[in-house]
Amino acid sequence: MPELPEVETTLRGIRPFLLGETIADITIRQRSLRWPVTKGIETSIRGSAIKEISRRAKYLQFHLDNGSMLVHLGMSGSLRVLTQPGFWKKHDHIELKLNSGNMLRYHDPRRFGSWLWSQGGHWQLKKLGPEPLSEGFDGEYLYRLSKRRQVAVKAFIMNSSVVVGVGNIYASESLFLSGIRPDRPAGRISKKRYSMLANNIKITLKRAIDRGGTTLRDYSNGNGDPGYFKQELFVYARNGLPCMNCRSRLTEKRIGQRSSVFCMRCQV
DNA sequence: ACACTAACCTGCAAGC
DNA sequence: TGCTTGCAGGTTAGTG
């Protein structure tokens, strides 16, 4: 489900309820996620205070006094704050109970997400590329890294060791805005066009965050509200519909196991 | 180092 | 009304 804007929206939604709180209890009803929920996480975090919550790539990191929890939402995960006890719904796997009485509940039908505890660092965070909204990420950087690479540019920018947080939706949208065909080999794009692309990635992500993310099926922020960026999508999930720019029919092609929609006239 | 595939899992829509 | 097939917001492990 969530790409960077959805994870960021989730972070902003839940943070006010969690900062400074102590974890009174944790209930785990399903440990079998992308990786098994870390053994012993219950005893490790019970009674610990939440000092900070941050996002790195599509991960949320809960910093406690004695270590940190790394939470990923996978394809279908979501977090939601409950201000009063609620019924357990199907696929509600984990719940944190806070001293305030509020609860944080994790819901994930496909179970591609993860909940990992570590007292040191998390290996998942090694080898990640720059944050797309950081200064270090620009056209120069993309151009330099892309030299002699044959992979399709869409797969290139979705590669988390190149840049993090860009998933299928925002890769597709950014390439459309930049007029670049998603299947063009990464090494055959000019520095100038990479500058366009890097800028459009930033613009698209920021705008999506402002709209609360993209809700396709089941995404909701920490308060249960959907995101409204779907209304502003140019190409994603619009195969066969008219291009918003030239009105010709949009084309679909699979690139690196992911469906990719683009305009054959506007994207070269 | 790079490129590509299968795999993890459930729900839903389309086709027969 | 079923049953089967394919696809979905992500990421890693394995292969060549």
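Hydrogens, waters and symmetry mates are skipped; everything else that's a heavy atom, side chains included, is used.
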Base, sugar-phosphate, or nothing: which does [X] touch, judged by heavy atoms less than 4.0 Å apart?
| X | value |
| --- | --- |
| Arg254(A) | sugar-phosphate |
| Tyr236(A) | sugar-phosphate |
| Gln150(A) | sugar-phosphate |

Do Arg110(A) side-chain and dA8(C) base share a donor-acceptor contact under 3.5 Å?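 Such a pair exists between side chain and base.
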Distance below 4.0 Å between [X] side-chain N/O and [N] OP1 or OP2:
| X | N | result |
| --- | --- | --- |
| His91(A) | dT10(B) | no |
| Lys58(A) | dT11(C) | yes |
| Lys90(A) | dT10(B) | no |
| Ser259(A) | dA8(C) | yes |
| Arg111(A) | dT10(B) | yes |
| Arg34(A) | dA7(B) | no |

Report yes or no: is the ring centroid of Phe112(A) under 5.5 Å from the six-membered base ring centroid of dT11(C), with the two planes under 30 degrees?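 Not stacked: fails the 5.5 Å / 30° test.
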N-O pairing of Glu8(A) and Lys58(A) below 4.0 Å: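 Between Lys58(A) and Glu8(A) there is no salt bridge, as every charged N stays at least 4.0 Å from the carboxylate O atoms.
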Are any of the side-chain nitrogens in Asp183(A) or Lys154(A) under 4.0 Å away from the carboxylate oxygens of its partner?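 Not counted as a salt bridge, because no side-chain N and carboxylate O are separated by less than 4.0 Å.
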Looking only at side-chain atoms of Ile169(A), point me to the closest of dA8(C), dG9(C), dT12(C).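 Between dA8(C), dG9(C), dT12(C), the one nearest the side chain of Ile169(A) would be dG9(C).
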Hey, any chance Ile94(A) and Val81(A) share a hydrophobic cluster, counting ILVMFWY side chains that come within less than 4.5 Å of each other, even indirectly?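 Linked, Ile94(A) and Val81(A) end up in one cluster.
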More 5' along DNA chain B: Lys147(A) or Gly256(A), using each one's nearest nucleotide?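 Residue closer to the 5' terminus by nearest nucleotide: Lys147(A).
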If you find the nucleotide of DNA chain B closest to Gln257(A) and the one closest to Leu145(A), which residue's nucleotide is nearer the 5' end?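 Nearest nucleotide further toward 5': that of Leu145(A).
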Aromatic rings His107(A) and His91(A): how do their planes relate, parallel, tilted or perpendicular, breaks at 30° and 60°?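 The rings of His107(A) and His91(A) stand perpendicular, inter-plane angle above 60°.
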Taking the six-membered ring for Trp, is the centroid-to-centroid distance between Trp35(A) and Trp123(A) below 6.0 Å?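 Distance test on ring centres: under 6.0 Å, yes.
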Complementary nucleotide of dC9(B), counting Watson-Crick and G-U pairs under 3.5 Å: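 Checking every strand shown, dC9(B) finds no partner, since no pair has both distances under 3.5 Å.
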Watson-Crick or G-U wobble partner of dG9(C), both distances under 3.5 Å: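 The answer is none; no pair meets the criterion.
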